[in-house]
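Everything on this sheet refers to the single structure shown next.
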Amino acid sequence: MKYTDTGKKDTRSGFGAGLAELGRTNPNVVALCADLIGSLKMEKFIEENPERFFQIGIAEANMMGIAAGLTIGGKIPFTGTFAAFSTGRVYDQIRQSIAYSGKNVKICASHAGLTLGEDGATHQILEDIGLMKMLPGMVVINPCDYNQTKAATIAIADYQGPVYLRFGRPTVANFTPEDQKFEIGKGILLTEGKDVTIVATGHLVWEALLAADELEKQGISAEVINIHTIKPLDEEIILNSVKKTKCIVTCEEHNYYGGLGESISRVLTQRFPIPQEFVTVNDTFGESGTPSELMKKYGLDKDGILKAVEKVLKRK
């Protein structure tokens with residue numbers, strides 16, 4: 001494998017590092033939090049820019065309204081709380097006060113998906129990508145590791161309009177370049193292959209690379225694509241790949257309905273119909289457990305991807 005894990009880190013710390021960097025370089029960036037400063041790793045930004053931070057408390061709907069208002073004065077607000085509270089709890093406020101009027105708010109959501117772990121199903125939101133991608137004008141980003149989350153955090157400050165940035169709690173492989181340029185809406189071809197396309201997002205990207213490495217030992221050539229931006233979707237990188245491989249596996253830490261796989265299905269149906277298999281949560285809620293236990297149980301790991309590849313190759 002040409003990609004190396006340089007040391008496991010949590011993606012939420014990448015957000016914290018990116019926010020701190022923005023605090024030093026962009027005077028219009030402000031941060032708001034709903035009583036979860038430590039969980040969102042916002043301490044350094046607050047230490048260096050106390051006058052640009054607003055602690056809203058456990059009042060997430062109010063936080064979204066305040067963030068929308070701050071944009072009117074030219075500020076670039078970054079809101080911070082868990083993904084479950086960044087979307088489901090405040091969907092009406094996001095729809096009406098942010099998305100409908102195209103406010104320049106960056107909704108930064110930690111502890112997304114099953115890998116929230118022991119807190120269980122009430123906090124393990126698996127519907128957030130679907131909720132946010134259905135809002136007109138909302139950009140949806142789900143980076144794969146610490147370095148990419150930091151780069152994405154910095155990049156979205158320059159984008160004019162609402163953004164949903166999704167990241168997580170557990171430590172995961174950190175393998176993308178430290179000095180990378182993050183381009184919204186541009187997928188990344190990680191490995192070239194001719195037999196099967198594996199498209200992954202978030203924590204599943206590293207697992208996809210591990211699966212591709214295993215497949216190579218079996219004589220199967222897998223093309224792996226990192227789709228960090230789910231909306232707008234890089235349709236061309238996907239189509240260019242499947243026109244070679246004639247089949248695809250989509251991988252995400254999200255519900256079967258409403259996620260990346262569903263977006264890709266729409267593209268394939270309209271432009272190049274081929275067999276597709278999904279590595280995702282099959283329309284269930286999560287449960288308590290360690291992140292690794294849950295990813296294994298729900299098939300969101302290397303082994304789950306290998307099983308999906310076996311299925312899709314039989315359908316070619």
Side-chain angles (χ1 to χ4, degrees), residues 15 28-30 32 34 60-110 112-113 125-143 149 152-167 182-187 199 201-202 227-239 250 252-271 280 283:
F15 165 71
N28 287 320
V29 168
V30 297
L32 302 85
E60 293 88 355
N62 193 33
M63 179 171 68
M64 295 302 171
I66 292 170
L70 284 166
T71 66
I72 297 171
K75 301 303 180 186
I76 307 170
F78 282 64
T79 68
T81 185
F82 289 0
F85 310 143
S86 290
T87 56
R89 181 171 288 182
V90 293
Y91 197 67
D92 182 60
Q93 284 73 28
I94 293 174
R95 183 184 188 275
Q96 307 293 53
S97 299
I98 296 174
Y100 179 55
S101 51
K103 292 292 190 293
N104 193 30
V105 176
K106 317 306 172 186
I107 302 165
C108 304
S110 184
I125 193 158
L126 295 164
E127 315 89 63
D128 55 318
I129 289 172
L131 286 167
M132 301 308 284
K133 80 176 188 179
M134 286 190 292
L135 290 170
M138 181 69 70
V139 168
V140 178
I141 296 174
N142 187 37
T149 306
T153 303
I154 294 168
I156 64 176
D158 291 330
Y159 175 83
Q160 183 66 38
V163 175
Y164 179 63
L165 178 65
R166 181 192 210 242
F167 43 94
F182 188 91
E183 292 188 68
I184 295 172
K186 291 293 182 185
V199 173
T201 187
I227 293 291
H228 51 66
T229 306
I230 295 168
K231 182 186 174 188
L233 182 65
D234 188 347
E235 298 184 6
E236 295 310 315
I237 194 172
I238 296 164
L239 289 167
T250 54
E252 60 191 311
E253 189 184 347
H254 190 267
N255 194 0
Y256 181 92
Y257 298 100
L260 170 64
E262 191 175 82
S263 289
I264 290 175
S265 290
R266 174 189 56 78
V267 175
L268 298 177
T269 299
Q270 291 177 321
R271 301 182 63 182
T280 182
D283 199 29

What is the distance from atom [atom1] of [X] to atom [atom2] of [Y], rounded to the nearest 0.5 Å?
X      : Y      : atom1 : atom2 : answer
Ile184 : His228 : CD1   : NE2   : 9.0 Å
Lys106 : Ile156 : NZ    : CD1   : 6.0 Å
Tyr257 : Leu126 : OH    : CG    : 14.0 Å
Gln96  : Lys103 : CD    : NZ    : 12.0 Å
Cys108 : Arg166 : SG    : CZ    : 14.0 Å
Asp158 : Gln160 : CG    : CD    : 10.5 Å

Quiz prompt | Glu252 side chain to Gly261 backbone, donor-acceptor under 3.5 Å | solution =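 Judged by distance alone, yes, a pair lies under 3.5 Å.
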Practice problem: Assess whether side chain to side chain contact (heavy atoms under 4.5 Å, CB included) is satisfied between Arg266 and Glu235, documenting all intermediate values. | Solution: CA-CA 10 Å; Arg266 174 189 56 78; Glu235 298 184 6; 3.5 Å; yes
Residue pair [X] / [Y]: nearest heavy atoms and the distance that separates them:
X      : Y      : value
Asp234 : Gly187 : OD2-N, 2.9 Å
Ala61  : Val90  : N-CG1, 3.3 Å
Glu60  : Ala34  : CG-CB, 3.8 Å

Quiz item: What class does the angle between the rings of Phe15 and Phe167 fall in, given that below 30° is parallel, 30 to 60° is tilted and above 60° is perpendicular?
Solution: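 Parallel: the ring planes of Phe15 and Phe167 meet at under 30°.
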I want to check something: taking the side chain as every heavy atom from C-beta on, are [X] and [Y] in contact at a cut-off of under 4.5 Å?
X      : Y      : result
Leu233 : Leu260 : yes
Ser86  : Ile94  : no
Gln93  : Asn62  : no
Phe78  : Thr153 : yes
Pro162 : Ile107 : no
Thr280 : Thr250 : no
Met64  : Ile98  : yes
Thr71  : Val105 : yes

Quiz item: Stepwise, does the side chain to side chain contact (heavy atoms under 4.5 Å, CB included) test hold for Asn142 with Ile227?
Solution: CA-CA 8 Å; Asn142 187 37; Ile227 293 291; over 6 Å; no
Practice problem: Let me see the working for Phe182 and Thr229 under side chain to side chain contact (heavy atoms under 4.5 Å, CB included), right down to the final yes or no. | Solution: CA-CA 10 Å; Phe182 188 91; Thr229 306; 4.1 Å; yes
Quiz item: Is it true that atom OH of Tyr91 has more than 12 heavy atoms of other residues, nucleotides or ligands lying nearer than 6.0 Å?
Solution: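 Yes.
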Below 3.5 Å, can you tabulate the donor-acceptor pairs from side chains in residues 132-140 to any protein atom, sequence neighbours excluded?
residue : atom : partner : partner atom : Å
Lys133  : NZ   : Gly258  : O            : 3.1
Lys133  : NZ   : Gly259  : O            : 2.8
Lys133  : NZ   : Ser263  : OG           : 2.6

Quiz prompt | Audit row: Leu70, Leu32, side chain to side chain contact (heavy atoms under 4.5 Å, CB included) steps and yes/no | solution = CA-CA 11 Å; Leu70 284 166; Leu32 302 85; 4.1 Å; yes
